[in-house]
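Per chain, numbering begins at 1; letters A, B, ... match sequence-line order. What's counted below: heavy atoms across the whole structure, side chains too, no hydrogens, waters or symmetry copies.
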2 protein chains.
Amino acid sequence: MSSGNDGSEKKKNRKKEMKLGITYKKDASFGDWYSEAVIHGEMIEYYGVSGCYILMPSAMGKEKDHIEGFAPEVAWVTKSGQSDLEFPIAIRPTSETIMYPYFSKWIRSYRDLPFRCYQWCNVVRWEFSDPTPFIRSREFLWQEGHSAFATKEEADEEVLQILELYHRIYEEFLAVPVIKGRKSEMEKFAGGLHTTSVEAFIPNTGRGIQAATSHCLGQKFADMFGIKFEDDKGSRSNVWQNSWGYSTRSIGVMVMTHGDDKGLVLPPRVAPLQVIVIPVSYSKDADMASIKGACESTVCTLSQSGIRVELDDRTNHSPGWKYSHWEMKGVPLRIEIGPKDVANKQVRMVRRDNGAKVDVPVTNLVEEVTVLLDGIQENLFRTAMERRDACIQVIHTWDEFIAALNNKRLILAPWCDEEEVEKDVKVRTRGERELGAAKTLCTPFDQPELPQGTMCFASGKPAKTWSFWGRSY
Amino acid sequence: MSSGNDGSEKKKNRKKEMKLGITYKKDASFGDWYSEAVIHGEMIEYYGVSGCYILMPSAMGKEKDHIEGFAPEVAWVTKSGQSDLEFPIAIRPTSETIMYPYFSKWIRSYRDLPFRCYQWCNVVRWEFSDPTPFIRSREFLWQEGHSAFATKEEADEEVLQILELYHRIYEEFLAVPVIKGRKSEMEKFAGGLHTTSVEAFIPNTGRGIQAATSHCLGQKFADMFGIKFEDDKGSRSNVWQNSWGYSTRSIGVMVMTHGDDKGLVLPPRVAPLQVIVIPVSYSKDADMASIKGACESTVCTLSQSGIRVELDDRTNHSPGWKYSHWEMKGVPLRIEIGPKDVANKQVRMVRRDNGAKVDVPVTNLVEEVTVLLDGIQENLFRTAMERRDACIQVIHTWDEFIAALNNKRLILAPWCDEEEVEKDVKVRTRGERELGAAKTLCTPFDQPELPQGTMCFASGKPAKTWSFWGRSY
């Protein structure tokens with residue numbers, strides 16, 4: 001990030017060049033020198049709260065829609081020790097209003113654009129809906145990105161680039177199929193222009209889940225926070241801004257998607273442990289030393305090939321207990337080595353995803369494990385996709401909608417795309433089987449054909465789009 | 001971390017083996033299945049605050065000395081949106097009382113020991129002393145480690161191992177000399193058994209600064225939180241615990257130590273940018289294309305050798321402006337390339353630490369940069385050490401002590417090592433030149449000889465040890 005003013009006018013530059021530099025001397029005025037050094041060295045910016053970098057109430061007042069959207073969930077620090085604070089400090093539910101006052105200092109010229117910053121941090125949203133680990137917790141970790149551009153075209157392009165990255169993380173790493181689309185006016189980010197998202201679906205509960213979002217904020221925040229740039233002709237305009245986020249919620253979606261009655265099932269590409277090796281002996285006569293040697297050599301060979309593998313050689317647990325233990329932890333592949341395996345120079349491999357067993361000569365160890373891990377990754381994704389797709393139901397009428405909703409479907413419906421109609425659907429489904437109201441999940445980018453004359457399932461007006469509807473987390 | 005109970009008794013194991021496994025079915029009871037899956041898969045532990053993992057007031061009540069030590073600085077969340085919380089939530093000033101209730105669940109047997117966990121996180125201490133960026137901020141990032149052992153010997157050994165790591169980070173990476181030693185009873189970690197630290201010293205302000213700490217907590221926390229283990233004979237004892245921490249304060253210490261009147265001076269081993277390349281042309285006739293080509297080839301060669309290098313080819317700033325800009329940011333080495341350099345197949349290198357200039361043939365580029373960066377790292381450390389050592393003053397009497405204090409010295413004094421005497425020194429120096437009271441910094445492990453009959457500078461009683469005293473951050 002640059003705090004330099006890159007104004008193009010020569011005169012201005014010369015003036016600024018004269019101001020550059022540390023004015024205090026280290027020996028004469030150490031405290032002032034230190035402040036200048038860390039500011040001009042671009043290590044820190046002072047914030048409005050003494051000794052602190054926390055969301056200020058005054059800054060929070062800036063963007064009204066945004067504030068109204070988050071206000072009920074903001075946690076307020078009002079006391080330190082036994083003393084009341086002079087003014088309450090909000091804990092960030094998201095960082096727009098913390099960061100953007102400073103964007104106006106950092107962004108001056110078109111040369112400072114595009115401007116991007118990125119952080120992993122914890123945020124707090126004091127929600128009153130039922131908490132669910134990873135999926136909905138009051139404090140969670142997330143990655144948030146914030147960017148600014150000279151033109152709407154550049155901002156729009158980045159929104160989709162980021163969304164595609166999120167799409168790939170879900171599908172290629174977590175093996176979770178997601179749908180890319182646009183959120184409705186009602187469901188978009190408070191204060192933003194439009195929101196895109198990737199949406200997952202949990203067949204067991206029949207609920208959609210917003211898996212990650214990428215927003216175009218338009219110029220509204222820029223206007224409120226005075227984030228303007230000077231173009232190459234010297235005229236000043238508001239920047240176009242985006243923000244985007246991806247959180248630990250993704251872990252919960254992955255668990256819900258792949259887990260089975262034995263516990264977790266982790267996709268090999270993200271499993272901290274990909275292979276667990278377990279010595280197996282069913283008789284007291286078995287040559288434990290040679291079994292243990294074969295196990296250790298297996299671990300050694302695999303880990304040298306970059307495979308994440310461990311040996312469970314605890315003597316106070318039976319092999320059966322260990323099977324359950326590592327199945328519960330979702331380890332993709334188990335290798336069992338017993339006396340017969342040692343004698344035949346082979347190992348037995350057992351897949352976590354489908355329980356399939358195969359005996360493999362030790363000479364083929366690395367190749368076979370690699371192929372199996374790839375196969376498990378692919379199978380988890382394909383199976384999840386099939387299960388998700390089997391839940392998609394196309395409907396045209398209100399009655400079909402209610403039936404599909406109660407049947408836990410992921411509903412694809414023709415819609416007039418009017419906010420009032422979505423509100424009305426929420427009200428009308430609120431009492432339905434005490435499972436909560438239905439809402440739009442997204443309007444998918446991948447649109448089926450919409451024949452002329454198709455009517456909105458809810459309002460009976462001409463449909464403008466196909467949208468996904470359902471209950472959600 | 002393992003939540004398994006590794007009790008050695010066979011019967012117990014069999015009983016536990018029968019309980020292992022997920023009891024709910026994913027299809028029949030999804031919510032309960034999910035909770036079991038993430039708990040038994042060891043992904044999460046529920047905490048006492050719904051949907052949240054925040055320090056509980058009830059848990060905070062456990063260790064009285066510890067609580068009293070931190071209480072005045074704890075920030076309390078009392079409201080969400082417009083509503084008062086049912087009970088206030090403390091924001092962690094440190095994580096002992098958040099973590100340790102769970103240690104008692106995770107640690108059961110001697111097989112679970114040693115137990116170690118580690119995290120980087122943000123903590124909040126609402127201090128009322130003057131804030132200074134990095135050095136004393138109300139929210140800061142730190143690394144904290146927590147460990148548990150069967151014996152005091154193992155705990156004591158780890159305390160010193162960790163302290164040595166901190167010592168090496170400061171001296172080998174940040175080029176900041178630090179003193180290893182033990183904190184006094186008054187200055188040790190609240191509730192712990194004893195605290196070791198590395199102490200830096202800032203000559204300009206004459207203040208010591210606690211640079212990182214490694215504590216032996218003894219068995220007190222274990223007793224309060226019920227963290228017991230069963231040894232191999234079946235008897236139960238409290239574990240011995242350590243905790244240790246290193247924070248973003250280290251960045252401030254580095255800045256204060258090396259910075260000069262031009263701004264930051266970063267040690268090459270930790271500088272995000274090690275070399276900045278700047279094209280230099282003093283006449284309009286200069287062949288800018290060949291200069292730019294030489295610059296780009298320099299950047300390319302250096303970055304291929306793993307050196308962190310960038311080119312500043314902005315056309316709207318003069319070379320002089322760029323020199324100041326990158327000096328302010330502390331980049332260790334500047335490379336200037338002008339027409340004469342291109343003609344002579346050389347580049348000019350300018351050191352940030354001492355301003356020395358040298359012309360180097362492009363054929364020797366990588367070797368010379370490597371040697372220079374190593375030289376800068378070594379020179380920064382040596383210079384800092386000399387400046388620090390020049391401030392050390394050995395004193396024997398109260399008058400010498402006061403004179404040295406007012407002369408901003410790092411005072412090494414014979415001391416009776418009594419808490420009452422340290423308190424008394426604090427009281428007696430409180431008003432001294434309005435710079436704050438003096439206190440012990442540490443009792444260094446590296447002890448000078450203490451001749452028999454040496455008296456404490458403050459109490460006149462027989463001295464037990466040499467200790468460092470001074471004002472501190």
Side-chain angles (χ1 to χ4, degrees), chain A residues 4 6 8 13 17 20-22 25-27 30 34-35 37-38 40-44 50-54 71-81 88 91 122 126-127 131-134 136-139 204-205 251 255-256 259-264 316-318 321 324-325 328-330, chain B residues 4 6 8 13 17 20-22 25-27 30 34-35 37-38 40-44 50-54 71-81 88 91 122 126-127 131-134 136-139 204-205 251 255-256 259-264 316-318 321 324-325 328-330:
Chain A
D6 293 343
S8 56
N13 279 342
E17 288 192 7
L20 192 73
I22 308 289
K25 300 294 173 200
K26 189 177 183 184
D27 287 338
F30 184 79
Y34 179 73
S35 298
V38 292
H40 290 306
E42 295 177 8
M43 295 184 97
I44 215 161
S50 170
C52 206
Y53 311 91
I54 293 187
E73 298 172 5
V74 169
W76 292 95
V77 179
T78 62
K79 295 186 91 157
S80 77
I91 303 179
N122 52 349
W126 211 262
E127 302 196 62
T132 304
F134 297 115
R136 187 176 295 280
S137 54
R138 284 172 168 177
E139 180 180 13
N204 302 73
T205 56
I251 299 171
V255 170
M256 288 186 166
D260 65 16
D261 294 343
K262 291 176 173 176
L264 304 180
N316 58 322
H317 290 298
S318 68
W321 186 93
S324 300
H325 177 74
M328 231 158 42
K329 298 190 77 166
Chain B
D6 293 345
S8 57
N13 279 341
E17 288 193 5
L20 193 72
I22 307 290
K25 299 295 173 201
K26 188 177 183 184
D27 288 337
F30 185 79
Y34 179 72
S35 299
V38 292
H40 290 306
E42 295 175 8
M43 295 183 98
I44 214 161
S50 170
C52 206
Y53 311 91
I54 293 185
E73 297 173 3
V74 169
W76 292 95
V77 179
T78 63
K79 295 185 90 157
S80 77
I91 303 180
N122 52 349
W126 211 261
E127 303 195 61
T132 304
F134 296 115
R136 190 175 293 280
S137 54
R138 286 174 167 175
E139 180 178 13
N204 301 73
T205 56
I251 299 171
V255 170
M256 289 185 165
D260 65 15
D261 293 344
K262 291 177 173 176
L264 305 180
N316 57 322
H317 290 297
S318 69
W321 185 93
S324 301
H325 176 73
M328 230 158 42
K329 297 190 75 164

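Between M256(B) atom CE and F30(A) atom CZ the span is 4.5 Å, to the nearest 0.5 Å. The line from CD1 of I91(A) to CG of N122(A) is 9.0 Å long, rounded to the nearest 0.5 Å. Atom OH of residue Y34(A) and atom CZ of residue F134(B) lie 6.0 Å apart, to the nearest 0.5 angstrom.
Interface residue D260(B): only backbone heavy atoms are found under 4.5 Å from chain A. Both the backbone and the side chain of K79(B) come within less than 4.5 Å of a heavy atom in chain A.
Put simply, of K25(A), K26(A), K262(A), E73(A), the one with the most heavy-atom pairs under 4.5 Å next to chain B is K26(A). Highest contact tally toward chain A, considering only G330(B), G259(B), G263(B), is held by G259(B) [criterion: heavy-atom pairs under 4.5 Å].
When all heavy atoms of N204(A) and D27(B) are compared, the closest pair comes out as ND2-OD1, 3.0 Å.
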